[in-house]
There are 2 protein chains.
Amino acid sequence: MEEKEISQAVISRLPRYFRYLGELKERGIERISSQELSDIMKVTASQIRQDFNNFGGFGQQGYGYNVEYLYDEISKILGIDQMHQLIIIGVGNLGQALTNYTNFNRRGFVFKGAFDCNPELYGMKIRGVEVRPTEEIENFVRTNNIDIAVLTIPKDQAVPMAQRLVDCGIKAIWNFAHVDLDVPENVQVENVHLSDSLMKLSYNITRYEKKHGRTGNGKTGS
Amino acid sequence: MEEKEISQAVISRLPRYFRYLGELKERGIERISSQELSDIMKVTASQIRQDFNNFGGFGQQGYGYNVEYLYDEISKILGIDQMHQLIIIGVGNLGQALTNYTNFNRRGFVFKGAFDCNPELYGMKIRGVEVRPTEEIENFVRTNNIDIAVLTIPKDQAVPMAQRLVDCGIKAIWNFAHVDLDVPENVQVENVHLSDSLMKLSYNITRYEKKHGRTGNGKTGS
DNA sequence: AAAGTTATGTGAAATTAATGTCAAATCATA
DNA sequence: TATGATTTGACATTAATTTCACATAACTTT
């Protein structure tokens, strides 16, 4: 039985549905129609129904969707009903920030190890986890069943590091390095390219100003 | 004369082109064809040509594209030939990490101020910039011509803060809070929802394992 | 300067995604 | 249990995006 592939466009929308459903659940709301959700989330009701239907019928005609049930189903689809063990590679500012972001913990992402190539950091503790030398990564990943490696190291180091992670059987890489990683299809990669995001913002500022006749600050001017 | 609107799908690809062109430029490569770029970037040559053509003809038949010229043109399109003054609101781990990320500086994003509501942090210096109380934001934005506010505060604080920023004339918000901001169309918002990104990764791990018959770690198990 | 090659720009075709529509199922109510 | 209101799920339609294909322009070489 062949499962039909769901487009990444749909997947990208699921976390947002999940977030809104979580809020509704928190507020004690038991049921919701696609139309109501449409009003709140500012997407068409049709898209909401279509999106949910990719995974089977979660709703009931004449009633709508049960908030808690839908929430749980989406969490299963996203795989966050499962535990994920993760390690951070690169204990710089960003690495530490992510480590300290406790919300991930609540969603079943368990921070198991931290690695850096700077000897001065060895032994330092972040959220109870000791920073270790990067040489120990392979062994650690294998013995601790690590699923996800968070890459917060400079881009030139990221490429060989990704290869090492692939070789020792990592399942996924959450990549914050500003480089594209080339990995086999059994390893999942999710890129967070912050500067790309900032450039998009810059584009939209510029576009708006062009359209409305305001000017920006020339780089040489003042 | 009406400029035709460029789709966000195209805009999202520009930073990646920009990055690859920057690398080519660094390596001293002067010209490149859409086919060569296609091989390197793993997108179709057709898409590359189509994308660039949205902004006018940057290439030359029989020759290809001049790397440096194309690089400069894209930087203009993205608006990163202009200076952008920015402030950070929320000097937690993530806020500090972003502040210390020097690459933004190189691209014309100038870190001008830092704000927090925790009095213990007032006066602390990050990259030479003093942390100030959030009450001072409005005045600071107005007198220092701030374009972009980086929001790294909890989501419940983010919504009223966004309103304050809108009211004092900010041009754009780079939003790291896990909430959707509702702002008028003259204010640009770019969201970085890290947990959405992590959920997408989780989905892809789960999908791969389902397809290939491996199992994850049950949340209750181990 | 002519011939052959290369590679863009563009319009058309194909694919993918989003939206609109409605029959059928369920709910609420009397 | 019948009636009317509600709302999904499926399908049809429309829109957007990507790919294809080729005429045309510029380059390169002799």
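Lettering follows sequence order; numbering is per chain, from 1. Note that the coordinates shown come from a computational prediction; the quantities given were computed from them, not determined experimentally.
Between B:F55 and B:F58, the ring planes are parallel. Angles under 30° get that label, and only those over 60° would be called perpendicular. Using cut-offs of 30° and 60° on the angle between ring planes, the pair B:F176 and B:W174 is perpendicular. Taking the six-membered ring where the residue is Trp, A:Y17 and A:F52 present perpendicular rings, their angle passing 60° and hence far from 30°.
Taking atom CD of residue B:Q61 and atom P of nucleotide C:dA7, one finds them 12 Å apart after rounding to whole Å. The CZ-P distance, from B:F58 to C:dG9, rounds to 9 Å in whole Å. A:R31 has its CZ atom 11 Å from the P atom of D:dT6, to the nearest Å. Rounding to whole angstrom units, CG of residue B:N54 and P of D:dA16 are separated by 14 Å. Between the CG atom of B:N66 and the P atom of C:dT8 there is a distance of 13 Å, given to the nearest Å. Taking atom CD1 on A:I48 and atom C1' on C:dT21, their separation rounds to 17 Å, with Å as the unit. As a whole-Å value, the separation of A:I6 CD1 from C:dA17 C1' is 13 Å. A:I11 has its CD1 atom 12 Å from the P atom of C:dA18, to the nearest Å.
Using a 4.0 Å cut-off, no side-chain N or O of B:Y65 falls inside it from OP1 or OP2 of D:dA26. When the side-chain nitrogen and oxygen atoms of B:N53 are compared with OP1 and OP2 of C:dT10, one or more of them lie within a distance under 4.0 Å.
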### Task
Apply the test salt bridge (charged side-chain N to carboxylate O under 4.0 Å, His left out) to residues B:D180 and A:R19: give CA-CA distance (whole Å), side-chain angles for both, the deciding distance (0.1 Å), then the verdict.
CA-CA 10 Å; B:D180 296 321; A:R19 173 154 51 89; 3.3 Å; yes
### Task
Apply side-chain hydrogen bond (donor to acceptor under 3.5 Å, both in side chains) to the pair A:H212 and B:N186, showing each step before the final yes or no.
CA-CA 9 Å; A:H212 294 79; B:N186 64 318; over 6 Å; no
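Taking the nucleotide of DNA chain C with the nearest heavy atom to each of B:Y63 and A:Q60, the more 5' of the two is matched to B:Y63.
Within the 4.0 angstrom heavy-atom criterion, no nucleotide atom of any strand lies near B:F52.
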Just the table, please: protein N/O against nucleotides 18-22 of chain D N/O, every pair under 3.5 Å.
from, atom 1, to, atom 2, distance (Å)
D:dT18, OP1, B:R13, NH1, 3.0
D:dT18, OP2, B:R13, NH1, 3.3
D:dT18, OP2, B:R13, NH2, 2.9
D:dT18, O5', B:Q47, NE2, 3.4
D:dT19, OP2, B:T44, OG1, 2.9
D:dT19, O4, B:Q50, NE2, 2.5
D:dC20, N4, B:S46, OG, 3.0
D:dA21, N6, B:R49, NH2, 3.2

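Residues A:R207 and B:E5 are paired through a salt bridge, judged by an N-O separation under 4.0 Å between the basic side chain and the carboxylate. A salt bridge links A:K171 to A:D147: one of the charged nitrogens lies within less than 4.0 Å of a carboxylate oxygen.
A:Y65 does not carry A:R31 over the face of its six-membered ring by the limits of under 6.0 Å from the centre and within 45° of the normal. A cation-pi geometry, defined here as NZ or CZ lying under 6.0 Å from the six-membered ring centre and within 45° of its normal, does not hold between A:R127 and A:F111.
From one end of the helix from C:dA1-D:dT30 to C:dA30-D:dT1 to the other, with five pairs defining each end axis, the axis direction shifts by 30° (rounded to 10°).
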